[in-house]
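First the structure, in the form of structure tokens, and then the observations on it.
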Amino acid sequence: MTNENSSTSIAPRCQFQFSDDRCCRMLRSPAHSSYCAFHARQELQRIESQRLGEEVSTSLHGNFLTATDINHVLGKLFIAVAQNRISLRKAASLTYLGKALLSSIPLIKQEFRFEYKFKQWQNVLANAAPLSDPPPLTDSNSAPECPAELPEPDTPEEE
């Protein structure tokens, strides 16, 4: 006697494996191909964290040689904290590093001679990519919790 479900369909249990080789025993989420709701959300948070880290750390010029570059990154960090996308502890560490970078700018200016005209600065700011919107709290593959289109409210007819 063989089990038909084992070879033809997706396993009904979460496939997450702990570091000690135990497997999660929760039922698989219908919104994810192999994880339960908890581990699927954890995976989405990890992916978002990596993407957000790359996005926040992208400066205007691709380096951190100007106060404008550092200020732009700190501004994106401020937005990410306000949107609750970065923990306060991590933000505090990054802010401290930003402060250290800002304090080194006078030394950089002694080594390298560079300056920008105001129009160049405006062009750089106009082309700067803002921080993206936070992802939805649910997986995009899952069924929406509310109908896609809300019905129009009933309005009394005027006679």
Side-chain angles (χ1 to χ4, degrees), residues 1-105 107-108 124-156:
M1 187 157 130
T2 61
N3 186 356
E4 294 177 18
N5 292 339
S6 63
S7 63
T8 59
S9 67
I10 299 172
R13 301 272 178 196
C14 178
Q15 299 297 305
F16 181 82
Q17 194 167 18
F18 295 99
S19 60
D20 60 356
D21 290 334
R22 291 179 300 123
C23 287
C24 177
R25 299 189 54 148
M26 296 289 293
L27 290 175
R28 185 184 57 80
S29 169
H32 196 276
S33 62
S34 57
Y35 290 149
C36 63
F38 176 78
H39 290 117
R41 182 176 174 103
Q42 220 176 24
E43 182 185 39
L44 287 174
Q45 286 175 338
R46 181 186 55 80
I47 291 168
E48 167 64 7
S49 177
Q50 288 176 337
R51 189 187 63 73
L52 184 64
E54 291 172 6
E55 197 174 322
V56 166
S57 63
T58 303
S59 68
L60 294 171
H61 297 100
N63 53 38
F64 297 99
L65 297 178
T66 66
T68 304
D69 279 340
I70 297 167
N71 188 38
H72 180 72
V73 169
L74 290 174
K76 289 194 286 187
L77 179 64
F78 178 84
I79 292 168
V81 170
Q83 292 175 343
N84 203 19
R85 295 169 73 185
I86 292 181
S87 70
L88 287 176
R89 183 176 183 162
K90 187 177 284 187
S93 298
L94 292 172
T95 303
Y96 179 77
L97 292 171
K99 184 177 177 183
L101 286 169
L102 282 172
S103 68
S104 70
I105 287 179
L107 299 173
I108 294 171
V124 168
L125 288 180
N127 295 327
L131 194 63
S132 66
D133 293 331
L137 293 178
T138 58
D139 185 14
S140 61
N141 297 334
S142 65
E145 294 180 12
C146 59
E149 294 183 49
L150 295 175
E152 291 294 323
D154 294 331
T155 54

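No experiment lies behind these values; they were computed from the predicted model shown.
Ring geometry, His32 versus Tyr35: the interplanar angle falls under 30°, so the pair is classed parallel (tilted spans 30 to 60°).
Residues Cys24 and Cys36 share a closest heavy-atom pair of SG-SG, 4.0 Å. Nearest approach of Ser33 to Arg28, heavy atoms of both residues: O-CD, 3.1 Å. In terms of heavy-atom proximity, Val56 sits nearest to Val73 at O-CG1, 3.3 Å. Taking every heavy atom of both residues into account, Arg13 and Arg25 meet most closely at NH1-O, 2.8 Å.
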Walk me through whether Leu77 and Leu74 qualify under side-chain contact (heavy atoms from CB on, under 4.5 Å).
CA-CA 5 Å; Leu77 179 64; Leu74 290 174; 4.2 Å; yes
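Taking the side-chain contact (heavy atoms from CB on, under 4.5 Å) definition, one finds that Ile47 meets it with Glu43, sequence neighbours left out.
One finds the CG atom of Asn71 at 9.5 Å from the OG1 atom of Thr66 (value rounded to the nearest 0.5 Å). Within the model, atoms CD of Glu55 and CD of Glu48 stand 8.0 Å from one another, a figure rounded to the nearest 0.5 Å. Expressed to the nearest 0.5 Å, how far CG of Leu44 lies from OG of Ser49 amounts to 12.5 Å.
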Going by atom type alone, with no hydrogens or angles, which donor-acceptor pairs under 3.5 Å involve a side-chain atom of residues 87-96 and a protein atom two or more places apart or on another chain?
{"unit_1": "Ser87", "atom_1": "OG", "unit_2": "Lys90", "atom_2": "N", "d": "3.2"}
{"unit_1": "Ser93", "atom_1": "OG", "unit_2": "Arg89", "atom_2": "O", "d": "3.3"}
{"unit_1": "Thr95", "atom_1": "OG1", "unit_2": "Ala91", "atom_2": "O", "d": "2.7"}

